[in-house]
Amino acid sequence: MSTLVVVGAQWGDEGKGKVVDALASRADLVARYAGGNNAGHTLVIDGRKIVTHLVPSGCAYPGTLCVLGAGMVLDPDVFQAEVADLQAGGMLQGGELRVSLDAHVIFSYHRALDGLREDRGRAGAKIGTTRRGIGPAYESKAGRRGIRVRDLFDPVRLRARLELNQEFVAPELERLGGGEVRFDVDAELARAAGWAAWLRPLACDAGALIDEAIRAGRRVLIEGAQGALLDLDHGTYPFVTSSTTLAGGACAGLGIGPTAIDKVWGITKAYATRVGAGPFPSRLDGALGDLLRKAGDEYGATTGRPRDCGWLDLPALRYAARCNGLTGLCVTKLDVLATLPEAAVCIGYEGGVAPGVDELEGARPVFAPLEGWGEPDLAARVKAARRLEELPVAVRRYLDRICEFTGVPLALVSVGAGRDQTIFIDEAF
Ligand code: IMP
C-alpha cells in the first residue's frame, strides 16, 4: 500500500496539518491537489506552532518531497513569503519543493474581487470567504482565461491573457469598487516577472513526478484542503469553497488515476466547527459553544475568525464517508472534548429525515448525551494515552459509536497538539 489520500470530513479545520505531519514522517512525497491559501494547516513541532497555507504539511521532514498540484490556485507572494519563513526555520533546505506548471495563479484582481463582493456584493450572496481570491481565480480557470504557472514564463502570452482578463474583470471592479480599484496590466506584468524568476526552478510536470514516484513504490501522501461539506459539488452549496475537496479530486488535481489510490482517510474532530456562512445544524449557541471554542482554540488559522462550535454531526460524517469512499477515520481533538463537563453527539434529525446537504438548513438535530463524560480527570487521561486501550472507557465507547454509525474503521486518534500525542491504529503505508 503506497498511496494514501487524507481529506477533511467536515467543514475544514479538522486537524489535517497535524495528521499529515504525523503521517509525513513515513512518506516519501506529500502532495496537495486543490485550494490555495484559504487553507491554514497548523503543525506543532517541539512546542513551536507553524501554520502553512500552501506548502504541504510534509515540509517538516528533510528529504520529503512537497508538491503543489495542478488543481491548486497559487498566490505567488504568499507562497514566496511562506517558503522564506519555513526556510528560516530550518525547513525545505534541500530542494524538496515542486510546483505544477499547470497550477493557476491568483492575481491582485482576484483578491480585490473576492473582498469587494464580500463587502459590497448583494445581501444574501455573501459566503464569508477567506478573501484570498480563491473563488475568482477558479472562475477564471473555468472560464478558460485563467493564467497558469507556465504562462508566467512567456511574457507575450501573459500580456494577452491579462488583457483578456481585464475585459472581464474591469467592469465588475469598477461597479463594486467605485473607481478605487483598477486593473493595471503593466503593474501585473511587472509583479509576474519577479514571480517567474523565483518559480522557474520549482516548476515541473507534477503529475509525471507523482506518477513516477507511485510506480517506483514510493510512499505518497496526498493532502486535501478544506472539508467534504465545503466541496463545490457535494457540499452545502452555495456556502462552499470553489474547488473539489473530496478524495476524488485528488486524481484530477494531481494528474493521476483513481487506480493509483490505495487508501482514503477522513479526518474529523471529536466535535464540529464551521467558519463562514452556511448551515450548521449541530451548532451550540450558548455557554458550551463558547467553552468549546476556548478549549479548542477555535479561531481560523488563516483569517483569525472565531469558528462556530457544536457537537459532532454523525449523519453529516456518514455522508462525508460516502462521498470520499473513506477506508479509515482519524478522530482529532478528543482531549478538547474531554475537558467539557458534558458532551453530546448528533445522531439524526427531527422527523427522521436523513438530510441531503440541501436540507441541512433549518434541520433540527437530535442529540444523544455521551455517557461517562465529566469525570474530573477525563481530559488528563485522554492526553496521556498512547494506545487505544489507555483511553478512558467513555471515550472508547464514543469512538466505537462514531465508527459504527459511519461504517468506517478507526485509523488514527489525536489526543493533543504534540507530535507524540497521536495513536496509530492503522499503519498508513
Ligand atoms: P473561500 O474558499 O475563501 O472562497 O471561502 C469559501 C468558504 O469556505 C467560506 O465559508 C470559508 O470560511 C470556507 N473555507 C475556506 N477555506 C477554509 C479552511 O481551510 N477551513 C475552513 N473553512 C474554510
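First listed ligand is number 1; within each ligand, the first listed atom is number 1. Numbers here are sequence positions counted from 1.
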Mind telling me whether Phe280 and Trp11 have parallel, tilted or perpendicular rings, with 30° and 60° as the class edges? tilted

Face-on cation placement of Arg26 at Phe424 ring, 6.0 Å and 45° thresholds: yes

Lys NZ or Arg CZ of Arg305 over Tyr299 ring: under 6.0 Å, within 45°: no

With a 4.0 Å heavy-atom cut-off (strictly under), which part of [X] contacts ligand 1: side chain, backbone, both or neither?
{"X": "Leu230", "result": "side chain"}
{"X": "Phe239", "result": "neither"}
{"X": "Asp114", "result": "neither"}

Among the heavy atoms of [X], does any lie under 4.0 Å from an atom of ligand 1?
{"X": "Arg132", "value": "no"}
{"X": "Ser242", "value": "no"}
{"X": "Arg305", "value": "yes"}

Shortest heavy-atom approach to atom 6 (C) of ligand 1 - which of Thr245, Thr130, Val240: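 Checking each option, the heavy atom nearest atom 6 (C) of ligand 1 is found in Val240.
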
Regarding [X] and [Y], do their side chains bring together a donor and an acceptor under 3.5 Å, going by distance alone?
{"X": "Arg274", "Y": "Thr236", "value": "yes"}
{"X": "Thr273", "Y": "Asp308", "value": "no"}
{"X": "His110", "Y": "Glu139", "value": "no"}

Test: [X] and [Y] ion pair at under 4.0 Å:
{"X": "Asp75", "Y": "Arg111", "value": "yes"}
{"X": "Glu167", "Y": "Arg145", "value": "no"}
{"X": "Arg307", "Y": "Glu298", "value": "yes"}

Out of all atoms in ligand 1, which are within 4.0 Å of some heavy atom of [X]? Include the element for each.
{"X": "Val275", "answer": "10 (O), 12 (O), 21 (C), 22 (N)"}
{"X": "Ile127", "answer": "6 (C), 10 (O)"}
{"X": "Trp11", "answer": "21 (C), 22 (N)"}
{"X": "Gly276", "answer": "10 (O), 12 (O)"}
{"X": "Gly128", "answer": "9 (C), 10 (O), 11 (C), 12 (O)"}

Which residue holds the protein heavy atom closest to [atom], what is that atom called, and what is the gap in Å?
{"atom": "atom 2 (O) of ligand 1", "value": "Thr241 OG1, 2.6 Å"}
{"atom": "atom 15 (C) of ligand 1", "value": "Gln226 CG, 3.8 Å"}
{"atom": "atom 5 (O) of ligand 1", "value": "Thr129 CA, 3.4 Å"}

Check: Ala428 main-chain N/O paired with Lys263 side-chain donor or acceptor under 3.5 Å: yes

Do Asp13 and ligand 1 have an N or O pair less than 3.5 Å apart?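 Right, the criterion is met.
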
